[in-house]
S.K.: 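The structure's right below; bear with me while I get my questions together.
FYI, side chains are in, hydrogens and waters are out, and symmetry mates aren't considered; it's all heavy atoms of this structure.
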Amino acid sequence: MAYWLFKTEPDVFSIDDLEAKGAPEVWEGIRNYQARNLLRDEIAVGDQVFIYHSSCKHIGIAGIAEVTRTGFADPFQFNAASDYYDPKSDPDNPRWFAVDVCFVERFDALIPLNVLKGVSALSDMVLLNRSRLSIQPVSEQEWSIINNKLVVR
DNA sequence: GCCAACGTTGGC
DNA sequence: GCCAACGTTGGC
């Protein structure tokens, strides 16, 4: 099993929205090639995902989701009415991919970014070094430190 | 709202 | 294939 971190702007879609939905959600609209490659090739059913709230008042890891379906073409790229429409994407060879995730857990307290920054064992986290990547790998060790030591449940 | 980092585009 | 211009992300 692998571990990931997905960013979302909570004003648009938050861990609470995922919990309220109570069903798998399409994680769509990822328009970055590195993130696309992970969605298409690497992320597997059953993988665990930290849900990270960005560009908001309380920045940090808000909870956990689980991957329930993988590697399908992002439907929004073919929808001309969508903000995520990509007229250059060929339906026979889609440019963008998506996965489904379902809610697992909402932490009692969000783990703030500045707490993560203060843990030396997390200094190699992609989040703290390549912060603009919106779908990123988390090592087993990083997952375990965060999940076992930093989460307030 | 600012701005640094960095990804993408497009002319050459 | 280079690189300047431009656009976006995201913390502060």
S.K.: Heavy atoms of chain A, cut-off under 4.0 Å: which first and last nucleotide of DNA chain C, 5' to 3', fall inside that, if you could look?
M.R.: C:dG7 to C:dC12
S.K.: Scan for salt bridge (charged side-chain N to carboxylate O under 4.0 Å, His left out) pairs involving residues 56-70 of chain A, sequence neighbours excluded, and state none if there are none.
M.R.: A:Arg69-A:Asp100
S.K.: What side-chain donor-acceptor pairs closer than 3.5 Å can you find for residues 140-152 of chain A, not counting sequence neighbours?
M.R.:
residue: A:Glu142; atom: OE1; partner: A:Ser139; partner atom: N; Å: 2.9
residue: A:Glu142; atom: OE1; partner: A:Ser139; partner atom: OG; Å: 3.3
residue: A:Ser144; atom: OG; partner: A:Asn148; partner atom: ND2; Å: 3.4
residue: A:Asn147; atom: OD1; partner: A:Arg153; partner atom: NH2; Å: 2.5
residue: A:Asn148; atom: ND2; partner: A:Ser144; partner atom: O; Å: 3.1

S.K.: Identify, with sequence neighbours excluded, every residue that meets side chain to side chain donor-acceptor pair (under 3.5 Å) alongside A:Arg106.
M.R.: A:Asp16
S.K.: Could you tell me whether A:Lys57 contacts a base, only the sugar-phosphate backbone, or nothing, with contacts defined as non-hydrogen atoms closer than 4.0 Å?
M.R.: nothing
S.K.: Would you please name every residue forming a salt bridge (Lys or Arg N to Asp or Glu O under 4.0 Å) with A:Arg132, sequence neighbours left out?
M.R.: none
S.K.: Report the residue (A:Gln34 or A:Lys88) whose heavy-atom-nearest nucleotide on DNA chain B is the more 5′ of the two.
M.R.: A:Gln34
S.K.: Name every donor-acceptor pair, under 3.5 Å, that has one atom in a side chain of residues 120-130 of chain A and the other anywhere in the protein, sequence neighbours excluded.
M.R.:
residue: A:Ser123; atom: OG; partner: A:Ser120; partner atom: O; Å: 3.0
residue: A:Asn129; atom: ND2; partner: A:Ser123; partner atom: O; Å: 2.9
residue: A:Asn129; atom: ND2; partner: A:Met125; partner atom: O; Å: 2.7
residue: A:Arg130; atom: NH2; partner: A:Gln34; partner atom: OE1; Å: 2.8

